[in-house]
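Predicted model, so just to flag it, every value in this text is computed and none were measured. Quick note on labels: first sequence line is chain A, next is B, and so on, each numbered from 1.
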Number of protein chains: 4
Amino acid sequence: MTAGVSSSAHRNGPVRSDDARRAILMATAEQFMAKGYERLTIQGIATAAKVGKQTIYRWWGGKADLVAECLVEGVLWDSGMVVGDTGDVVQDVATWLRLLLDVDQSGAGESLRSLLGAAAGDESLARHLDDLMRGQLEGGITRRLRLAHERGELADQVDVALTTELLLGLVMVRTLARRPSRTEELEGLVRLLLDQR
Amino acid sequence: MTAGVSSSAHRNGPVRSDDARRAILMATAEQFMAKGYERLTIQGIATAAKVGKQTIYRWWGGKADLVAECLVEGVLWDSGMVVGDTGDVVQDVATWLRLLLDVDQSGAGESLRSLLGAAAGDESLARHLDDLMRGQLEGGITRRLRLAHERGELADQVDVALTTELLLGLVMVRTLARRPSRTEELEGLVRLLLDQR
Amino acid sequence: MTAGVSSSAHRNGPVRSDDARRAILMATAEQFMAKGYERLTIQGIATAAKVGKQTIYRWWGGKADLVAECLVEGVLWDSGMVVGDTGDVVQDVATWLRLLLDVDQSGAGESLRSLLGAAAGDESLARHLDDLMRGQLEGGITRRLRLAHERGELADQVDVALTTELLLGLVMVRTLARRPSRTEELEGLVRLLLDQR
Amino acid sequence: MTAGVSSSAHRNGPVRSDDARRAILMATAEQFMAKGYERLTIQGIATAAKVGKQTIYRWWGGKADLVAECLVEGVLWDSGMVVGDTGDVVQDVATWLRLLLDVDQSGAGESLRSLLGAAAGDESLARHLDDLMRGQLEGGITRRLRLAHERGELADQVDVALTTELLLGLVMVRTLARRPSRTEELEGLVRLLLDQR
DNA sequence: ATCTAAGCGAGACGGTACGTCCTGTCTTGAG
DNA sequence: CTCAAGACAGGACGTACCGTCTCGCTTAGAT
């Protein structure tokens, strides 16, 4: 078992077609972007991917599975959402937050809502989405906060992970409620969360 | 129209049946609880309410409308979720938060998720839900916070509305992600948000 | 209400669409002629009849039901197959038989075979087909034989019904086996069956 | 080819597996008996025979071929259906006929019908079935009739082959129509066909 | 006291998508 | 080159709902 797999217990026969798999995920992503989760159809994906429906059902359990795998593969979710480092952590975080919420107001917000709706209805998709988001945040806002912490820009009692989650929660609430956010409000909020003294 | 003259624009024939309306909303609420939003069907509601499908389509536009009206009527969403007043605002808010997140872990969380999923897919439903939640919070946690503010238990810079929204966001994130919360963690969080100095 | 039916037990609501029914039967007949029973598809019939599949399944149980009703309606089965009356019963019957078997050799035989195949697999269709055939024969060959009997052209012991059935059986055997028949042979056979002395 | 020289034009690799062939035919026969022709599936046969689907398609063209070969092999069609010889040819033939039609009323009739249905849809299968039946009859009823003919029990004009075919046709008609037959009726019929004077 | 005209329950209609099953071909690794 | 296994594109199956339309009934203001 060390390096090479054990050989035995090897099935014969044709192996899963990676072409088909990729075409299906691509088609899923495309249709998801275009129509949202609810109006995705397996039928439509199969047709777009030039694939038999059964090839989808052979490997996935339904729409939720497909979308979850799209997430994992990064076929959906392009947002790198990098956080700048101007030296002023409050400014940086506020900017990041405003971008996120503005993006929502634009059109990508619909995608996020769709994703949240899907997550609401499917536990495994929700977990994938959660993992993914946490990962993305880890490489972005969380890292920036941690950096600020090390630099002593944050009060000691600020919990980086929790703060991240609170920010994420705010994004969700406002995205779902379709409520726009004023820049000053966001700055006040960030100051409150970080700059507290 | 000025003085409301007797005749003009007067319909004849029977008026809308309130029996039907109530039966439909009840059936909607029931099925929503039992199966969630996605698996609601107009057909099923009509049958359960012993009502013709057309009677639904005559007055509502679809599932979302029905659920929205259920929300407004309070047929869904029993959670009064009162906040106690022990004098210790941190304790009170933490308790409230824990109850909310525990309720989720139980079974009502599925309903909340369903509602969030519905809101994700339908703007008007989302607005209704948002209004409703804000109203509920206004009478509960927000009031408690405001009270504490007046008593001087909170730092001056604490923004009651924003804090409420942050707490709500946290509930959403954790509910959607199905992540359980530890009591101590919540207390720390609340202390952080309120007790800051 | 005077001479009318009992009134009560009357369902309300829309009534079965006769347009749809006829379109479906027509489409069934058409496709049956063109492709035979085995390659009939409900899907294809629905499409050709510009009808939803469910409208077919609402009123019929499957292909066999449809074809059976086509038979009953006479939408299939145009063959009047009249029997002449030249005075010579042997000649008349032999001619009828030859026509029947020649028709088979042409193209309509495929339809008959299809029908037999369908009857083999579906009891109710088989009964309908049997009834129909007997009816048709009754108005044709059977009548001619009965006429001959009354005229004393047949031996006393000839049983008209049985003879008809034997002739029909012969047609079936040869149709299924795709074996052609020689004219002289048929004349001999008919002479044997009728002219016996 | 004369002396079977060693080298030239010799295929390498394994030759056709007779195990597979037999397993496939057995499975075909079994499933045919159990479910009839229409509901036979290649997939099902392959699985039951523990054989790859391709092994079937390599050597046969489809269901019809398989069933035809089953017929030829005698895996289907056990009915020896011997005809007795009591000296009274009418009695013997009537008994044979009755047995055949009773067998139908029991359960084997379903198999016969299935076979007829298959023959209706596939010419080559029909020819095989026809050959087989004629062969079987040759060794049974036809021989008995010929014997009677030689003994002078039959009128001169009785044509043995034709009579056989008429009897076979009768069996088919009644089997397809699922119509039962009374014993006396059959005796009358046989007397009519044979004993005519 | 009619006469409209709407609301009602029921449910048929043309459709779309579902998830399953089978077809006939292709692919893989073993023998 | 055959075999067992089984993935593949395709397509029909029978079911569930969609949103619209139609039916015969009941009801209530206007005439």
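Straight-line distance from the CD1 atom of B:I24 to the C1' atom of E:dG9: 11 Å, rounded to whole Å. For the pair C:I45 CD1 and E:dG14 P, the computed distance is 14 Å after rounding to whole Å. Rounded to whole Å, the distance from CG on A:N12 to P on E:dG29 is 8 Å. A:E38 places its CD atom 12 Å from the P atom of F:dC18, with the value rounded to the nearest Å. Put simply, CG on A:D19 is 13 Å from C1' on E:dT27, counting in whole angstrom units. We find that CD1 of D:I56 is positioned 13 Å from P of E:dT25, with the value rounded to whole Å. When the C1' atom of F:dG19 is taken as reference, atom CG of B:D65 falls 14 Å away, rounded to whole Å. Regarding A:K35, its NZ atom lies at a distance of 12 Å from the P atom of E:dT16, rounded to whole Å.
In this structure, D:R39 places its CZ atom where only 12 or fewer heavy-atom neighbours from other residues, nucleotides or ligands lie under 6.0 Å away.
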Where protein sits on nucleotides 7-13 of chain F, one letter per nucleotide: B base, S sugar-phosphate only, - none, heavy atoms under 4.0 Å: BBSB-BB
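The pair C:E30-C:K35 does not count as a salt bridge, with every side-chain nitrogen at least 4.0 angstrom from each carboxylate oxygen. Ion pairing of C:E73 with C:R21 is present here, as a side-chain N (NZ or NE/NH1/NH2) and a carboxylate O approach within less than 4.0 Å.
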